**Q** 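Below you'll find the structure I mean.
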Amino acid sequence: MPGSWTHKQKLLSLVGGGVALSLIAVFVLTRAVRSAAEPAPADERKWVTVERVYRGDAAEVDPDDELVYAGIRAPYKDEPLADRSRQRNAELVAGRRIRLRFDKQERDKKGRLVGYAFVEGKLVNEILVREGLAYARITPDTRRYAELLLKAQSEARRARRGIWKLRPSNEEREYWADPKYGHFHLPACAERAKAKPERIVTLASSRAALDRGLAPCGQCRP
Ligand SMILES: [Zn+2]
């Protein structure tokens with residue numbers, strides 16, 4: 001009869017539907033298994049164990065990797081407070097299992113992990129900045145906790161902790177920066193030759209540079 005299904009047709013249709021559902025289930029499961037084997041997307045969380053802290057913002061971690069903290073820069077080894085910054089970082093993370101979160105890029109050009117480190121729910125990157133043992137260093141690739149890090153830095157600057165006890169609170173002079181790298185420089189810095197002219201911004205004071213999350217260059221030391 002046209003327009004109405006026989007019992008057999010209904011049965012066939014149900015079986016067909018069942019087969020289709022099973023196929024969808026197999027497809028979804030296969031995809032889930034496959035995605036577990038694919039490289040983690042940038043936002044995925046990862047657990048690592050810190051084996052050796054060698055800087056205020058970097059460490060060797062297990063399994064066999066190197067980690068640098070995103071959004072901050074600790075004093076370099078010949079800058080004041082480099083040791084204190086490294087020791088504090090070690091106190092916070094050495095030998096511990098820490099959780100990492102990532103920004104746009106999970107790794108830098110050298111292949112190191114670039115992440116935000118959490119210990120007992122606290123963001124280590126932020127603790128170091130708040131204690132004046134690292135500068136906020138915000139780039140277009142590390143904006144995830146920019147607000148938090150800049151707030152922590154303002155607090156450290158106001159209280160003149162660590163680095164901020166040694167720096168003048170503000171210097172009114174001309175600096176320049178290539179925001180892609182998150183550093184500000186003196187006019188004569190050699191880095192200028194490598195910077196893309198169309199990206200360069202000029203700043204009228206160190207406060208203006210620090211307020212937008214630029215950290216002083218390690219070479220010209222503005
Ligand atoms: Zn410089």
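Only a predicted model underlies this, so the values are computations on that prediction, with no experimental measurement involved. Here, residue 1 is the first one in the sequence, and each next residue gets the next number. Remember, it's 1-based here, ligands and their atoms both numbered in the order they're listed.
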**Q** Please list, in chain and residue-number order, the protein N/O/S atoms closer than 2.8 Å to the Zn ion (ligand 1).
**A**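 Atoms qualifying: His185 ND1, Cys189 SG, Cys217 SG, Cys220 SG.
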**Q** Should the heavy atoms of other residues, nucleotides or ligands under 6.0 Å from CZ of Arg143 be counted, would the total exceed 12?
**A**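 No - once you tally the heavy atoms of other residues, nucleotides and ligands closer than 6.0 Å, there are 12 at most.
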**Q** Under 6.0 Å between ring centres, would you say that holds for Tyr135 and Trp164?
**A**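 Here the rings of Trp164 and Tyr135 have centres that are less than 6.0 Å from each other.
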**Q** Taking Lys46 first and then Asp65, would you say they form a salt bridge - that is, a charged N and a carboxylate O separated by under 4.0 Å?
**A**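 No, no charged N to carboxylate O under 4.0 Å.
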**Q** In terms of side-chain heavy atoms, does Tyr181 have a donor or acceptor partner in Arg137 at a distance below 3.5 Å?
**A**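 No, because no side-chain N or O of Tyr181 sits under 3.5 Å from a partner of the opposite role on Arg137.
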**Q** Should the pair Asp57-Arg55 be classified as a salt bridge under the 4.0 Å nitrogen-to-oxygen rule?
**A**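 Salt bridge between Asp57 and Arg55, a charged N being under 4.0 Å from a carboxylate O: yes.
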**Q** How about Tyr116 and Tyr145: are their ring centres within less than 6.0 Å of each other?
**A**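 For Tyr116 and Tyr145, the ring centres are under 6.0 Å apart.
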